[in-house]
Amino acid sequence: MTLVRPAAPAGTAASRPARRDSRRAGRRSPYPSWFFLPAGVFYLVLFVVPTGASFWYALTRWDLYSAEFIGLDNFAQFFREPALVKGFVNTFVYAFLTSGAKVVLGLALAVLLTSQIIARGYLRSVVFFPVLVSTIGVGVTFKVLLDPFDGAVNQVLSWVGVTGPGWLTDPSLALFSVALVDVWKGVGLATLIYIAGLVAIPQEYYEAARVDGANAWQNFRNITLPLVRPATVTVVLLSLIGGLRSFDLIWTMTRGGPGFSSDVIGSVIYKQYQAGFYGLSTAGNVVLFVVIAVIIFPLSRWLNRKEVTL
Amino acid sequence: MNRTRPLTAGAAAVAAALALTACGGSGDAGDGEATSLSVYIDSTPASVELWDGLKAAYAEENPDVTIEVETHPAGSEGDNLVKTRLATGEMNDLFWYNSGSLFQALKPDQNLVPLDDEDWVDTLDDNFATVVSTDQGLYGAPVGASFAGAVIYNKDIYADLGLQVPTTWDDYMANNQAIKDAGLVAVAQSYGDTWTSQVPVLGDFYNVEAAEPGWADAYTAGDAKFADQPALAGFEHLQEVFDAGLMNEDFASATYDDAVKMLAEGQAAHYPMLTGNVAAAIGENYPDAADSLGVFPLPSSQGDANGLTVWMPNGTYIPKTTEGPQLDAAKEFLAWLVTPDSCAAQAEASTLGGPFVVDGCDLPDDVPALVSDMQPYFDSGDTGLALEFLSPIKGPALEQITVEVGSGIRSAEDGAALYDEDVVKQAQQLGLDW
């Protein structure tokens, strides 16, 4: 690469390098632009078109046979739903609780599982195993384990003399019990992401810190935490989106009960769908989509504000 | 490149051929006679056994046509499957599904074959004919027996404690107190299966219609509400039972099977439930208890009315997509389904929960006591259709609201008002102007 450009003659010779430069600057990828076409078609047909269609159906009274345009009536009806406020509150509580727990526990487990302990590989598999099991299977199993009279959890507690509460039958406890099971199931994925983040931290930082006489807590606070930030951002965003959308575990364990005390937006929408109010439940899904987008986009921007391209 | 090109062309041809086979049609539509009919039913064991019996009996009657059965899950998941198949034109030759408001939700005039001209229409019970018809025609033939939503009680406990069958709500609560004092569970409840919590409210409907005739029509028009009497009584009774501490300790997590077990084994005295379900459960699991369980209607707290709230059996319907020889065979099958032979086959293959709705089909002698207890009410005409057969309005959240009221989480007045709010969605879906 020359540092000084020879003076180019005016006319054709000068314009040709300029045109080649601008074309090279615009086309940064070595692949032709139609390489994305197959994936683009899939994305369009399976994602964009149904999303657009759902925005349309949300404005209709839809009973699978016909769709009659009724404007914003579905949205008005959805916001009049008595269980809605409780559903929103529960959704936010559930999402932020599980997300926070997964971040904290995931990081703690990852630090443990990247240190020198016996059977580290086996322990990593054990921690990750619940992620692979079917959510419905986990839900059914824990529903049996948490039964207030015959369940294993309360029986074990009774050996130590503690009367276990009605984990899933007490209205004030039901949502938290399901949240705990959700954390149990999902923390393996957070741990995995954190492990990847932790091993990417260069060892030089720790060696330099050891030279300076830092102890374990200072290491953690000043080196590990800041440098594992990309993993934290990923875990927070993924678990928050999952938590806001969550449905299957709650439905399997409590079906939104007892009464409405563990209803989340997902189960509210599902019950309307089950009852045959297809337009109304589609409107609910549009609302959920907007709510998640409104929370996640600013959050993602804020969390990534310190990210620079190296 | 030269070697792989024929290979890829061959693979593409095989893939295309495989894809085309998926487009293959269903059933054996074509010229000539039909040789098999496919029926879509729900997958509960009692239903499957019932249809096994019908299949075998029809095979003797008409060996040329075999009946094949396909199942879907019971409850709301099954509702969606049925509606989807009708909407996409992929329904089986016949299907067996609820009558009443669920039947109305299938858009029968659009999707089903009218059966008004069939010979057997006159043999149907009037109540049943109402619930499988729209104002444009009749669309279904009954399979199964009617059943009631009432209080199943343990006769042995009544005999031991010297109690009489109550006809008013106060008598019922007095009986409950006596049973509780004797150390037994007075009223079994099973909120682990949320659908069971609706029975005390839905089974009370005879009393509502008796106190205010025409209530169902006013309800459909949006003028009558559950938050007012006489309908509020159902919710109030739920709350009273909770407040008096008459239920089993594990009512919040007990399942339907747990409650039936308590009743059959003499640990609980009363269980408000549908007679069809309990009769089937006894037939399968507790045959010894067949004579120790009886039934009486949910007592009323207003007036002297005392009658059973009855549900009609499911109907067998033919979708419009069944045509030609399949349609003829289907109609022939329906005509056989409403004969006494078919009723006898049904009685053998299942445990009946109540009387048949076809003239000429009588109850056999070996039915459990709770079914024969129902016969006097039918004979004297003290029966009324449940609300879902007289009005298409039913909200999706009733079972959760009744669990809340029955568990003391919400008061009866609040619960009833909440349900009135809930059904507005159904009214909107049906295009009613409230």
Side-chain angles (χ1 to χ4, degrees), chain A residues 60-68 70 73-74 76-78 80-84 86-87 143-144 146-151 154 165-174 251 253-263 267-281 283-284, chain B residues 75-80 82-89 101-102 105-107 110-111 191-195 197 248-255 258 394-410 414-415 417-431:
Chain A
T60 65
R61 176 183 307 132
W62 185 26
D63 56 6
L64 279 196
Y65 308 111
S66 61
E68 182 195 323
I70 54 171
D73 275 0
N74 277 333
Q77 181 63 46
F78 187 76
R80 269 211 303 273
E81 171 79 44
L84 190 72
K86 181 85 178 148
K143 186 170 178 183
V144 172
L146 293 176
D147 189 286
F149 293 95
D150 303 323
N154 277 2
W167 300 101
L168 298 173
T169 53
D170 186 339
S172 47
L173 275 187
W251 191 256
M253 292 183 78
T254 60
R255 291 176 73 113
F260 299 98
S261 50
S262 64
D263 248 343
S267 58
V268 168
I269 292 172
Y270 186 72
K271 277 184 288 193
Q272 291 167 345
Y273 159 77
Q274 254 190 355
F277 309 144
Y278 301 112
L280 182 61
S281 67
Chain B
S76 342
E77 280 94 3
D79 293 345
N80 279 324
V82 168
K83 284 184 189 153
T84 313
R85 284 203 180 186
L86 281 174
T88 52
S101 46
L102 285 172
L106 298 178
K107 297 274 171 94
Q110 233 174 297
N111 293 311
Y191 297 151
D193 285 328
T194 48
W195 66 268
S197 65
N248 43 321
E249 192 189 28
D250 58 346
F251 68 88
S253 58
T255 61
D258 293 335
K394 182 163 195 273
L398 179 61
E399 45 194 71
Q400 280 157 298
I401 297 174
T402 44
V403 165
E404 284 199 319
V405 174
S407 313
I409 301 172
R410 199 183 286 270
D414 286 346
L418 192 61
Y419 183 55
D420 286 327
E421 216 5 84
D422 190 47
V423 298
V424 171
K425 290 194 281 285
Q426 177 72 294
Q428 196 221 36
Q429 180 73 5
L430 294 168

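- Comparing A:Lys271, A:Arg80, A:Gln272 by heavy-atom pairs within less than 4.5 Å of chain B, the highest count is held by A:Lys271.
- Every ring pair (Phe, Tyr, Trp, His ring centres under 6.0 Å) that A:Trp62 has, sequence neighbours left out, goes to A:Tyr57.
- Atom CD of B:Gln428 sits about 4.5 Å away from atom CD1 of A:Ile70, to the nearest 0.5 Å.
- In plain terms, the two heavy atoms of B:Ile409 and A:Pro258 that are nearest each other are CD1-O, 4.2 Å.
- Contacts between B:Thr84 and chain A at a heavy-atom distance below 4.5 Å involve backbone atoms as well as side-chain atoms.
- In this structure, chain A has no heavy atom under 4.5 Å from any part of B:Ala254.
- At a 4.5 Å heavy-atom cutoff, the contact between B:Ser253 and chain A is made by backbone and side-chain atoms alike.
- Interface residue B:Asp250: backbone and side-chain heavy atoms are both found under 4.5 Å from chain A.
- Among residues two or more places apart in sequence or in another chain, the ring pair (Phe, Tyr, Trp, His ring centres under 6.0 Å) test is passed with A:Tyr278 by A:Tyr273.
- Heavy-atom distances place no part of A:Glu68 under 4.5 Å from chain B, backbone and side chain included.
- Heavy-atom distances place both the backbone and the side chain of A:Asp73 under 4.5 Å from chain B.
- Heavy atoms of A:Leu168 lying under 4.5 Å from chain B are absent altogether.
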Hey, mind stepping through B:Lys425 and A:Glu81 against side-chain contact (heavy atoms from CB on, under 4.5 Å) and telling me if it holds? CA-CA 9 Å; B:Lys425 290 194 281 285; A:Glu81 171 79 44; 2.8 Å; yes

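- Annotation for A:Gly259 and B:Val403: closest pair N-CG1, 3.8 Å, computed over non-hydrogen atoms.
- The contact between A:Asp263 and chain B is made entirely by side chain atoms (from C-beta outward), counting heavy-atom distances below 4.5 Å.
- Of the two parts of A:Gln274, the backbone and the side chain both hold a non-hydrogen atom closer than 4.5 Å to a non-hydrogen atom of chain B.
- At a 4.5 Å heavy-atom cutoff, the contact between B:Gln426 and chain A is made by backbone and side-chain atoms alike.
- Of all the listed residues (B:Glu249, B:Gln110, B:Glu399, B:Arg410), the one sharing the greatest number of non-hydrogen pairs under 4.5 Å with chain A is B:Glu249.
- For chain B, no part of A:Ser172 is nearby; none of its heavy atoms comes within less than 4.5 Å.
- Between the CG atom in B:Leu418 and the CZ atom in A:Phe260 there is a gap of 5.0 Å [rounded to 0.5 Å].
- Your options are B:Val405, B:Asp422, B:Leu86, and the one with the most heavy-atom pairs under 4.5 Å with chain A is B:Leu86.
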